[in-house]
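Structure record follows, encoded as structure tokens.
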Amino acid sequence: MAVWLDEVINEEPLIFPGHAACAGCGPAVNMRHFLGALKAATPVSAFGVSTYLTPFASAAAEASGIKAALRQRGLGDTHVVVWGGDGSTNDIGLATVSAAAERNEDLIYVLNDNEAYMNTGVQKSGGTPEGAWTTTTPAAAPREGTKKDIDRIMAAHAIPYVATLAAGSVPELKDFRAKVTRAAELHGFRFLHALGACPPGWRYSTEQSVEIVRRAVESRYFPLFEVDAGVWRITHRPKHPLPVGEFLSTQGRFAHLTEERIDSVQHHIDERWELLGRLEAATAEPAE
């Protein structure tokens with residue numbers, strides 16, 4: 001595997017030891033690979049050296065202003081990237097994200113989805129999955145209903161590019177970095193949705209982050225696809241899909257689920273996969 005990784009990862013990292021994330025933090029892994037792929041695609045990108053911290057709700061609006069200022073200075077080719085969580089993207093900041101997408105602002109928006117408000121105490125968000133424990137959805141009353149389908153919401157804005165990313169297995173990592181490269185090639189609003197495992201919020205041992213993300217993809221809990229110029233395409237089809245229980249069982253946030261509830265989660269995952277297949281078929285370019 002190390003040889004394959006060397007072929008995928010060959011740039012100097014733009015994230016270093018000493019950051020404040022937890023051991024095993026999936027978002028930190030995602031940030032490392034996003035920055036590496038963006039650097040490889042556009043070596044002169046300013047994103048690796050400049051950051052601007054914003055309130056949750058205004059990130060997309062402030063990024064739009066930064067992009068406008070760069071254009072005024074003749075630096076319009078500089079990538080401006082928003083890195084937001086599921087709470088700020090799906091809930092608190094959805095209005096500004098939607099407005100920026102509707103205007104087709106020239107931004108790359110990355111949703112790093114750890115499926116709850118992790119930095120303020122593991123409260124439920126619009127990205128929290130069915131049945132999950134959080135501090136506001138305790139085991140006695142877990143999350144009801146499925147998580148917000150933010151990818152279809154963003155695709156409905158008719159933006160140039162929407163894609164899901166996961167840094168699990170080597171094929172998944174290649175898919176991750178290829179999609180960042182594709183986003184870097186385009187102009188307009190590009191939306192990348194990365195699954196970011198969270199040891200304390202998901203309740204698992206820190207060394208399991210990559211394996212848990214792999215199981216999320218291989219069980220089709222987190223399917224990998226892209227919407228490029230309105231054309232939907234599934235980018236990774238598991239050869240032997242895992243039962244979703246093999247993903248759920250790795251995390252304490254799902255430990256209270258009954259077999260009946262796990263079957264319900266599986267049913268909704270199967271429905272979503274079938275929907276993706278229909279969207280892919282409906283938008284496929286006709287064969288010549």
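What you see below is based on every heavy atom in this structure, not just the backbone, and it leaves out hydrogens, waters and symmetry mates.
- Residue Arg272 places its CZ atom among more than 12 non-hydrogen atoms of other residues, nucleotides or ligands, all under 6.0 Å distant.
- Closest heavy-atom contact between Arg215 and Ser249: NH1-OG, 4.5 Å.
- Although no hydrogens or angles enter the test, the distance criterion places a donor-acceptor pair under 3.5 Å between the side chain of His256 and the main chain of Gly131.
- Across every non-hydrogen atom of Thr135 and Gly121, the tightest pair is OG1-O, 3.0 Å.
- Note on ring orientation: taking the six-membered ring where Trp is involved, the planes of Phe254 and Tyr221 are perpendicular (angle over 60°, cut-offs 30° and 60°).
- Contact of the Glu185 side chain with the Tyr161 side chain is not registered, since no non-hydrogen atoms from C-beta on lie closer than 4.5 Å.
- Atom CG of residue Leu165 and atom OG1 of residue Thr235 lie 9.0 Å apart, to the nearest 0.5 angstrom.
- Of the possible donor and acceptor atoms, none in the side chain of Lys147 sits under 3.5 Å from a partner among the backbone N and O of Pro129.
- Ile153 and Val97 fall within the same hydrophobic cluster, defined by Ile, Leu, Val, Met, Phe, Trp and Tyr side-chain heavy atoms under 4.5 Å apart, directly or through other members.
- Under the 4.5 Å side-chain contact rule for hydrophobic residues, Trp232 and Ile159 share a cluster.
- For Arg220 and Glu246, the salt-bridge test fails: no basic side-chain N is under 4.0 Å from an acidic carboxylate O.
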Would Val180 and Phe176 count as a side-chain contact (heavy atoms from CB on, under 4.5 Å) here? Give the steps. CA-CA 7 Å; Val180 174; Phe176 184 121; 4.0 Å; yes
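- Ion pairing of Arg214 with Glu211 is present here, as a side-chain N (NZ or NE/NH1/NH2) and a carboxylate O approach within less than 4.0 Å.
- Put simply, the side chain of Gln251 never gets that close to the backbone of Tyr204: no donor and acceptor are under 3.5 Å apart.
- At distances below 3.5 Å, at least one donor-acceptor pair connects side-chain atoms of Thr134 with backbone N or O atoms of Thr137.
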Validation: residues 53-70 side-chain donor-acceptor distances under 3.5 Å, sequence neighbours left out:
residue	atom	partner	partner atom	Å
Ser58	OG	Glu62	OE2	2.6
Glu62	OE1	Tyr52	OH	3.4
Ser64	OG	Ala60	O	2.9
Ser64	OG	Arg103	NH2	3.2
Lys67	NZ	Gly76	O	2.8
Lys67	NZ	Thr78	O	2.8
Lys67	NZ	Asp106	OD2	3.2

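- A donor-acceptor pair is defined here as one N or O able to donate and one able to accept, closer than 3.5 Å; no such pair exists between the side chain of Asn112 and the backbone of Ala194.
- The only option from Asn90, Asp86, Thr136, Asn114 that meets the side-chain hydrogen bond (donor to acceptor under 3.5 Å, both in side chains) definition with Ser125 turns out to be Asp86.
- Between Ala197 and Pro199 the shortest heavy-atom distance is O-CD, 4.0 Å.
- Scanning all heavy atoms of the two residues, the minimum distance from Gly188 to Asn104 falls at CA-OD1, 3.4 Å.
- Exactly one residue among Ile234, Leu275, Val227 makes a side-chain contact (heavy atoms from CB on, under 4.5 Å) with Glu280. That residue is Ile234.
- In the displayed structure, Asp77 atom CG is contacted under 6.0 Å by at most 12 heavy atoms of other residues, nucleotides or ligands.
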Run the salt bridge (charged side-chain N to carboxylate O under 4.0 Å, His left out) test on Glu115 and Arg143 for me, step by step, so that the C-alpha distance in whole Å, both residues' side-chain angles and the decisive distance to 0.1 Å come before the verdict. CA-CA 11 Å; Glu115 300 189 322; Arg143 164 72 148 109; over 6 Å; no
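- To the nearest 0.5 Å, the span separating CD1 on Ile262 from NE2 on His267 amounts to 16.0 Å.
- The main-chain N or O of Gly93 is never found under 3.5 Å from a side-chain atom of Ser88 such that the two would form a donor-acceptor pair.
- Residue pairs meeting the salt bridge (Lys or Arg N to Asp or Glu O under 4.0 Å) criterion with at least one partner in residues 155-170, sequence neighbours excluded, do not occur; the list is empty.
- Between Trp133 and Val122, the closest side-chain pair of non-hydrogen atoms falls below 4.5 Å.
- Smallest separation of non-hydrogen atoms from Cys22 and Pro200: SG-CG, 4.1 Å.
- From Leu242, atom CG reaches atom CG of Leu248 across 11.0 Å, with rounding to the nearest 0.5 Å.
- Interatomic distance, CG of Leu224 versus CG of Asp175, reported as 5.0 Å (0.5 Å rounding).
- Linking Ile, Leu, Val, Met, Phe, Trp and Tyr residues whenever their side-chain heavy atoms come within less than 4.5 Å leaves Val29 and Met31 in two separate clusters.
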Trace of the side-chain contact (heavy atoms from CB on, under 4.5 Å) decision for Phe247 with Val265: CA-CA 11 Å; Phe247 165 72; Val265 175; over 6 Å; no
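- Taken from CG in Asn30 to CG in Leu195, the straight-line distance is 7.5 Å, to the nearest 0.5 Å.
- One finds the CZ atom of Phe34 at 14.0 Å from the NZ atom of Lys179 (value rounded to the nearest 0.5 Å).
- Both Phe189 and Val80 are members of a single hydrophobic cluster when ILVMFWY side chains are connected at heavy-atom separations under 4.5 Å.
- The closest side-chain donor-acceptor pair between Ser264 and Glu130 falls under 3.5 angstrom.
- Annotation for Ala167 and Leu173: closest pair CB-CD1, 4.3 Å, computed over non-hydrogen atoms.
- In this model, a donor atom of one side chain and an acceptor atom of the other lie less than 3.5 Å apart for Asp151 and His193.
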Run Phe225 and Leu279 through side-chain contact (heavy atoms from CB on, under 4.5 Å) and show every step you take. CA-CA 11 Å; Phe225 61 89; Leu279 290 167; over 6 Å; no
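- The salt bridge (charged side-chain N to carboxylate O under 4.0 Å, His left out) test with Asp228 singles out one residue from Arg233, Arg182, Arg190, and that residue is Arg182.
- Remark: the Thr258 side chain and the Glu260 side chain contain no N/O donor-acceptor pair separated by less than 3.5 Å.
- No more than 12 heavy atoms of other residues, nucleotides or ligands lie within 6.0 Å of CD in Gln72, so this atom counts as exposed by the packing criterion.
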Please determine whether side-chain contact (heavy atoms from CB on, under 4.5 Å) holds for the pair Asp91 and Lys148, giving the CA-CA distance in whole Å, both sets of side-chain angles, and the decisive distance to 0.1 Å. CA-CA 10 Å; Asp91 304 335; Lys148 188 177 292 185; 3.6 Å; yes
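- Ile150 and Phe222 fall into different hydrophobic clusters, where Ile, Leu, Val, Met, Phe, Trp and Tyr side chains are chained together by heavy-atom contacts under 4.5 Å.
- By the 4.5 Å heavy-atom criterion applied to side chains, Ser98 and His157 are counted as neighbours.
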